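To keep things clear, I will list the structure first and then write my remarks on it.
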Amino acid sequence: MERTAVKEKTKRSSMTRDILKRMFRNKLSVVGMVILIALVLIAIFADFIAPYGYAEILGEPYQLPSSKYIFGTDNLGRDIFSRVVYGSRISLKVGFISVGIALIVGVTLGAVTGFYGGKVDTIIMRFIDVLQAIPDTLLAIAIMSALGSGLSNLMIAVGIAAVPGYARIVRSSVLTIKDNEFIEAAKANGSTDFRIIFKHIIPNCMAPIIVQATLGVAYAIINAAGLSFIGLGLEPPTPEWGAMLSGGRAYIRDFPHMTLFPGLAIVITIFALNVMGDGLRDALDPKLKR
């Protein structure tokens with residue numbers, strides 16, 4: 001038993017090394033990873049990086065970018081650089097936690113439907129079909145309208161809107177795995193359905209889940225920014241990038257810097273997550289092994 005466990009551990013370690021090697025061959029993916037790490041560090045140390053508080057009114061509105069104010073100031077005289085820095089904390093938090101909610105619900109529903117099939121599959125998947133028939137943004141808008149504004153409600157709305165995608169991916173993976181010999185062996189050994197699903201099946205579905213989650217964070221950030229842009233996201237003065245875009249659009253002709261920098265922050269973050277997700281997808285694809 002010990003020898004088998006050691007072999008399994010060595011095999012997993014070797015697979016991890018192979019995946020990392022393939023991922024690091026993709027230079028664009030590495031660039032995305034570096035940008036994402038930098039953004040996470042900025043979010044963590046925002047209190048030390050930002051020269052001013054995100055709601056601090058400095059008394060100098062409409063200032064263009066300068067040595068004193070790197071990104072300029074907004075219509076209320078708040079430092080835009082500080083607000084963009086603090087906004088990274090909000091946007092990344094929304095992205096990761098929303099995906100976490102979608103993963104918990106979607107993976108559970110997808111695994112249960114794929115494993116049991118029959119009436120369970122029919123009932124749950126018809127519910128998923130109803131959710132998927134509604135555009136994600138429209139569904140998130142409906143949820144936000146019901147729950148009200150606020151960070152927690154925003155994350156719940158964006159997370160629930162993303163559930164159908166994860167449920168379908170996991171269900172299709174489970175259908176291809178559940179009839180394998182090691183699942184039959186686990187059943188013969190008396191393992192419970194819960195143990196089989198969460199210990200044997202879901203770990204073998206992780207490759208598509210990881211890729212979808214990485215790309216899903218990017219989509220969650222865009223969705224949250226869109227909700228804030230139309231006034232259904234976070235309330236002022238919270239420095240969410242979408243809300244900053246919405247606040248600056250009235251001044252875009254005379255003071256374009258008010259929308260330029262939060263917009264660039266969104267673009268750079270989405271670019272980093274997308275190229276990193278593409279790299280992960282290629283690294284986890286067994287057809288691309290060399």
Side-chain angles (χ1 to χ4, degrees), residues 87-114 116 119-175 202 205 208-236 238-247 249 262-263 265-267 269-271 273-274 277 281:
S88 65
R89 180 179 289 178
I90 302 295
S91 294
L92 289 177
K93 184 178 181 180
V94 169
F96 285 114
I97 294 181
S98 297
V99 168
I101 293 170
L103 278 173
I104 293 170
V105 180
V107 169
T108 302
L109 291 177
V112 169
T113 57
Y116 289 107
K119 291 183 179 180
V120 173
D121 183 35
T122 301
I123 293 170
I124 294 178
M125 291 314 296
R126 294 302 74 79
F127 173 70
I128 294 296
D129 288 341
V130 171
L131 290 181
Q132 203 161 30
I134 306 171
D136 293 355
T137 304
L138 187 59
L139 179 59
I141 289 172
I143 296 170
M144 283 296 294
S145 299
L147 297 178
S149 60
L151 181 59
S152 299
N153 292 341
L154 178 63
M155 292 186 291
I156 291 170
V158 174
I160 292 175
V163 165
Y166 293 96
R168 287 196 170 278
I169 287 173
V170 174
R171 176 180 178 271
S172 62
S173 297
V174 171
L175 289 174
I202 290 179
C205 302
I209 293 173
I210 290 171
V211 174
Q212 180 68 14
T214 305
L215 299 173
V217 172
Y219 181 78
I221 291 173
I222 291 177
N223 210 354
L227 290 172
S228 294
F229 185 81
I230 62 176
L232 288 174
L234 302 178
E235 297 179 352
T238 307
E240 201 277 326
W241 292 336
M244 291 176 68
L245 281 175
S246 180
R249 63 179 171 171
I266 294 173
V267 169
T269 305
I270 302 311
F271 167 78
L273 287 163
N274 280 336
R281 180 191 59 206

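Positions are given from 1 along the sequence. What you see is a predicted model; the values in this text were computed from it and never measured.
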Item to complete: If a pair satisfies side chain to side chain donor-acceptor pair (under 3.5 Å) and one of its residues is in residues 94-112, list it, with sequence neighbours excluded.
Response: none
Worksheet entry | Residue list, side-chain contact (heavy atoms from CB on, under 4.5 Å) with Phe127, at least two apart or on another chain | Leu131
Worksheet item: Which residues pass the side-chain contact (heavy atoms from CB on, under 4.5 Å) test with Ile128, sequence neighbours left out?
Response: Leu109, Ile124, Met125, Val163, Pro164, Ala167, Arg168
Is the shortest side-chain heavy-atom distance between [X] and [Y] below 4.5 Å?
{"X": "Cys205", "Y": "Val174", "result": "yes"}
{"X": "Asp121", "Y": "Val112", "result": "no"}
{"X": "Ile156", "Y": "Leu147", "result": "yes"}
{"X": "Thr269", "Y": "Leu92", "result": "yes"}
{"X": "Tyr166", "Y": "Leu103", "result": "yes"}

Item to complete: Take Leu154 and Leu227 through the test side chain to side chain contact (heavy atoms under 4.5 Å, CB included) and record every step on the way to the result.
Response: CA-CA 8 Å; Leu154 178 63; Leu227 290 172; 3.5 Å; yes
What pairs of donor and acceptor atoms, side-chain ones from residues 133-145 against any protein atom, are under 3.5 angstrom apart with sequence neighbours left out?
unit_1	atom_1	unit_2	atom_2	d
Ser145	OG	Ile141	O	2.8

Worksheet item: Quick one: salt bridge (charged side-chain N to carboxylate O under 4.0 Å, His left out) pairs with a partner in residues 91-106, sequence neighbours left out?
Response: none
Practice prompt. Could you list all the salt bridge (charged side-chain N to carboxylate O under 4.0 Å, His left out) pairs where at least one residue sits in residues 214-225, not counting sequence neighbours?
Written response: none
Worksheet item: Can you list the residues that meet the side chain to side chain donor-acceptor pair (under 3.5 Å) rule with Thr113, with sequence neighbours excluded?
Response: none
Fill in: Six-ring centre of Phe229, Arg249 cation under 6.0 angstrom, axis tolerance 45°
yes
Worksheet item: For the residue pair Ser228 and Gly242, what are the closest heavy atoms and their distance?
Response: CB-C, 3.9 Å
Using residues 209-224 as the side-chain source, report each donor-acceptor pair under 3.5 Å to any protein atom, sequence neighbours left out, with the distance given to one decimal.
unit_1	atom_1	unit_2	atom_2	d
Thr214	OG1	Ile210	O	2.9

Item to complete: Drop me the distance from Met244's CE to Thr238's OG1, to the nearest 0.5 angstrom.
Response: 11.5 Å
